[in-house]
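Down below is the structure, laid out as structure tokens.
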Number of protein chains: 2
Amino acid sequence: MADARAPGNRRRPRQSDIARSAGVSQATVSLVLRGAPTGMSLAPATRQRVIAAAEELGYVPDPVATRLAAATNAMLGLYTFSATFPTDVAHSYYPILVGVEEEAAAQGQDLILFTGSARAAARADDPAAVRRVRVADGCLFFGRHVPAEPVRRLVEDGFPFVYIGRRDEAGVPYVGADYVSASADVVARLAAAGHRKVRYLREHDQALASVDREDGVLRGARDAGLDTLVVRTDGSDLDALLREWLDAGVTAVVVEQTDTGAALAGLGAAIDRAGLRCPGDLSLALLGAPTGTRGSAPGGGAAFSGFDVPMRAMGRGAVRLLLRLIAGDLEGPSRRLLPCEPVEGGTIGPPRPPNRTTGRA
Amino acid sequence: MADARAPGNRRRPRQSDIARSAGVSQATVSLVLRGAPTGMSLAPATRQRVIAAAEELGYVPDPVATRLAAATNAMLGLYTFSATFPTDVAHSYYPILVGVEEEAAAQGQDLILFTGSARAAARADDPAAVRRVRVADGCLFFGRHVPAEPVRRLVEDGFPFVYIGRRDEAGVPYVGADYVSASADVVARLAAAGHRKVRYLREHDQALASVDREDGVLRGARDAGLDTLVVRTDGSDLDALLREWLDAGVTAVVVEQTDTGAALAGLGAAIDRAGLRCPGDLSLALLGAPTGTRGSAPGGGAAFSGFDVPMRAMGRGAVRLLLRLIAGDLEGPSRRLLPCEPVEGGTIGPPRPPNRTTGRA
DNA sequence: CTGAAAGCGCTTACAG
DNA sequence: CTGAAAGCGCTTACAG
């Protein structure tokens with residue numbers, strides 16, 4: 001059969017051509033070119049001849065054959081249960097991709113992006129769709145909501161994979177962020193600034209990342225003895241709620257950060273409409289970094305106080321863990337929670353004295 | 001040899017496993033799974049058994065083996081001659097990736113990101129590094145600066161690939177943007193607004209995208225009979241130059257957009273320091289969209305006037321063209337230049353009357 | 001120190 | 001309609 005890949009072109013040299021030209025066997029060529037295994041030594045003269053012939057013929061190894069023979073394809077999968085490159089959520093997960101790419105490159109691995117999960121949410125749940133990740137040596141999973149069944153099968157088959165983000169399922173390897181501690185810390189900072197009455201605004205979405213944040217907020221509030229209430233919103237019509245809070249003496253609001261940023265956007269709009277300043281009239285903390293590139297807070301334009309989600313580090317860590325699993329090291333820890341760096345920002349100030357008039361509205 | 005890919009794990013099923021389980025030969029499995037060649041027909045019963053066994057075992061074809069056997073694997077490569085996910089250039093090429101992913105997903109293709117080109121510029125030039133793209137059916141190339149030699153070899157081999165961005169080399173397929181027309185149009189708009197003396201500020205970088213912009217500017221200036229001068233900068237210390245321009249009666253400046261945005265940043269800083277307003281004191285046009293998410297012009301904060309680079313469309317178009325080439329269609333056009341949408345913006349105004357005092361500095 | 005052989009997991013003529 | 005065989009270009013024990 002002719003080489004379908006190169007119709008009408010001169011065949012490119014392979015090891016057998018070198019072998020013929022150097023008067024050795026093809027296997028010897030391989031040994032010389034790829035470096036003999038430990039303990040084995042080649043006659044210097046043979047080496048020379050092979051190298052020379054390879055040079056002469058312009059030999060370049062075929063990566064496809066190399067990978068097939070080496071029984072590893074040096075490819076890591078990345079399967080996202082949402083668009084890999086989201087367009088509408090302000091690139092929020094971009095740093096994760098950056099981290100994944102960095103570490104993969106450093107480790108000499110290519111990346112297979114499994115597409116299509118974007119388009120049809122239905123398809124992402126399709127076991128067949130998930131199954132195709134098996135073409136890679138191992139796979140990274142990512143997304144707030146993940147179908148359980150297809151993944152269970154992967155575990156069963158012993159296919160190496162790692163989640164980016166914490167998971168509840170027993171035995172599932174992940175590299176996540178310690179939202180609980182970071183969120184508790186934010187509340188502690190509010191308490192330290194003198195706040196006693198705070199509200200936590202979150203969305204309805206029940207992803208683990210949200211649950212953890214709420215847990216952290218509640219723990220922080222308990223530890224500091226704060227008056228706290230969790231309020232869920234879809235982000236619309238927060239004006240009345242905001243007014244109510246202020247009337248009740250609330251001096252600080254903690255907001256969840258999500259894909260959509262709906263809660264934050266809604267609150268920001270309400271604050272702007274009320275003509276409030278942050279942190280003059282109200283302290284604000286964000287559980288995570290803003291999704292835009294420059295997240296300036298409403299009523300003042302300062303940077304948000306809160307914490308940074310170590311997305312890039314999560315990406316890198318996930319690649320490293322995955323490679324360990326692929327290498328068969330099932331001993332070490334396979335679940336890691338990375339710390340979130342606190343962000344000072346400028347939206348936490350002392351509580352507004354109760355009797356001062358509210359805003360300029 | 002044990003399967004190096006999954007030591008300690010159940011081996012991934014291959015065609016011979018299916019064959020055994022279905023009681024047919026491995027070749028028949030291949031025929032069933034990949035679709036028998038035209039004219040050949042399989043017994044429906046055999047088909048059923050094979051399909052069922054494959055399903056049962058969770059079979060996924062090995063893309064590397066598939067490729068070695070001279071077939072296609074429904075994977076497209078993406079090789080970037082710079083970081084695929086740049087961190088320091090404000091995500092400037094992100095929309096291209098979005099477009100590529102969209103179209104790939106729509107066409108049922110997965111994407112292989114060839115990594116490592118970021119890290120070592122040296123490695124990107126390495127023919128072996130580029131050659132590994134052959135594990136994919138075809139490849140998209142991208143980056144301002146591209147090493148000629150490795151790519152020449154790919155052409156020689158008849159490997160299908162497409163550049164994202166215009167190329168000079170004869171016969172190289174690409175999908176680019178028509179910077180020449182778009183840039184000329186921007187100058188025409190300045191002329192229409194009454195400007196007669198404009199300057200074009202560009203960086204030293206000699207990428208094709210820069211050359212095309214300059215050609216367009218010069219053409220536009222010639223057509224409109226404008227007094228134009230091309231000035232190169234690394235973006236630093238533009239204050240004296242700016243002053244000189246104003247003294248000479250220059251009323252508008254056109255700026256090149258690049259990866260780094262150095263020229264724009266430098267000019268913006270100089271304008272701010274001089275206390276000038278745009279377009280009151282000086283009209284400004286940008287050849288391309290700003291790299292940040294919200295590019296607000298200096299001295300006023302309006303959106304830049306200029307044009308949009310159709311990055312997403314380029315990504316989509318490149319995928320479509322690549323698939324055509326993979327399919328063996330060498331007839332149709334293999335070089336496309338997409339139009340750039342003009343952006344009205346708010347930084348082009350009428351020229352400042354010559355005798356009005358300059359700024360507030 | 002080197003060659004002959006088997007194998008990586010597929011595809012594709014070629015016989016039956 | 002299906003099986004046996006050869007081949008893609010390598011790597012890696014295993015003999016000599």
Side-chain angles (χ1 to χ4, degrees), chain A residues 1-7 11-20 22-50 54 57 59-75 134-135 137, chain B residues 1-6 11-20 22-50 54 57 59-75 128 131-132 134-135 137 157 159:
Chain A
M1 179 194 71
D3 185 347
R5 255 169 270 144
R11 190 171 54 68
R12 96 194 110 90
R14 28 184 180 183
Q15 291 186 347
S16 59
D17 297 323
I18 301 177
R20 197 174 324 111
V24 298
S25 77
Q26 176 266 320
T28 301
V29 173
S30 173
L31 257 16
V32 169
L33 260 28
R34 131 164 288 260
T38 52
M40 181 180 275
S41 62
L42 288 306
T46 333
R47 263 187 69 79
Q48 299 306 335
R49 263 182 305 145
V50 169
L57 294 173
Y59 173 77
V60 182
D62 182 330
V64 177
T66 306
R67 287 180 181 190
L68 180 59
T72 170
N73 55 24
M75 297 193 210
R134 298 188 61 159
V135 305
D137 292 338
Chain B
M1 180 192 70
D3 186 344
R5 250 167 272 147
R11 192 171 47 68
R12 150 164 57 158
R14 29 183 178 180
Q15 291 186 346
S16 59
D17 298 321
I18 301 177
R20 198 175 321 112
V24 297
S25 77
Q26 175 265 321
T28 301
V29 172
S30 173
L31 257 17
V32 170
L33 261 28
R34 138 163 282 264
T38 52
M40 180 180 276
S41 62
L42 289 305
T46 330
R47 264 187 68 80
Q48 300 305 336
R49 266 182 302 146
V50 169
L57 294 173
Y59 174 78
V60 179
D62 182 326
V64 175
T66 306
R67 275 299 281 170
L68 182 60
T72 61
N73 57 16
M75 298 198 199
R131 188 169 275 257
R132 72 191 205 281
R134 302 186 60 139
V135 306
D137 291 343
D157 289 351
F159 181 80

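Below, chain A is the first sequence line, B the second, and so on; all start at residue 1. All of these numbers come straight from a predicted model, not from anything done at the bench.
- Picking from C:dT11, D:dT2, C:dC10 the nucleotide with the shortest atom distance to the side chain of B:T46 gives D:dT2.
- Rounding to whole angstrom units, CZ of residue A:R67 and P of C:dC10 are separated by 17 Å.
- For the pair B:R47 and A:A27, nearest-nucleotide mapping onto DNA chain D gives the more 5' position to B:R47.
- Within the shown strands, nothing qualifies as a pairing partner of D:dA13 under the Watson-Crick or G-U definition with both distances less than 3.5 Å.
- The two residues A:V135 and B:P63 make their nearest non-hydrogen contact at CB-CD, 3.5 Å.
- Listed nucleotides D:dC10, C:dT11, C:dT12 differ in distance to B:Q15; the shortest reach to its side chain belongs to C:dT11.
- Contact between B:V50 and B:I18 at its shortest, heavy atoms only, is O-CG2, 3.8 Å.
- Relative to the side chain of B:T66, the nucleotides D:dG9, C:dG3, C:dC10 differ in distance, and C:dC10 lies closest.
- For D:dA4, there is no paired base (Watson-Crick or G-U wobble, both distances below 3.5 Å).
- Atom pair A:Q26:CD and D:dG7:C1' shows a separation of 13 Å (rounding to whole Å applied).
- Counting all heavy atoms, side chain and backbone alike, A:V64 lies closest to B:L68 at CG1-N, 3.6 Å.
- Contact annotation for B:A43: backbone-only contact, meaning every heavy-atom pair under 4.0 Å involves sugar-phosphate atoms and none involves a base.
- Minimum atom distance to the side chain of A:L68 is reached by C:dC8, of the listed D:dT11, C:dC8, D:dC10.
- In this structure, the side chain of B:R67 engages the main chain of B:R134 through a donor-acceptor pair within 3.5 Å.
- Distance from the side chain of B:T28 is smallest for D:dG3 among the nucleotides C:dT2, D:dG3, D:dC8.
- At least one side-chain nitrogen or oxygen of A:S30 sits closer than 4.0 Å to the OP1 or OP2 atom of D:dT11.
- In this structure, CG of A:D17 is placed 11 Å from P of D:dC8, rounded to the nearest angstrom.
- In this structure, CG of B:L31 is placed 14 Å from C1' of D:dA5, rounded to the nearest angstrom.
- The listed nucleotides are D:dT11, D:dG9, C:dT11; the one nearest the side chain of B:A69 is C:dT11.
- Comparing C:dC10, C:dG3, D:dA4 against the side chain of B:P61 picks out C:dC10 as the nearest.
- Atom CG in B:N73 sits about 11 Å away from atom C1' in C:dC10, given to the nearest Å.
- With the nearest nucleotide of DNA chain C identified for both A:P44 and B:A65, A:P44 has the one nearer the 5' end.
- In terms of modelled atom types and a separation under 3.5 Å, the side chain of A:T28 and the main chain of A:V24 share no donor-acceptor contact.
- Nearest to the side-chain atoms of A:V24 among the listed nucleotides C:dG3, D:dT11, C:dC10 stands C:dG3.
- The side chain of B:R34 lies closest to C:dT12, out of C:dT12, C:dA4, C:dT2.
- One finds the OH atom of B:Y59 at 9.5 Å from the CG atom of B:D17 (value rounded to the nearest 0.5 Å).
- Set against C:dA5, C:dT12, D:dG9, the side chain of A:R14 has D:dG9 as its closest nucleotide.
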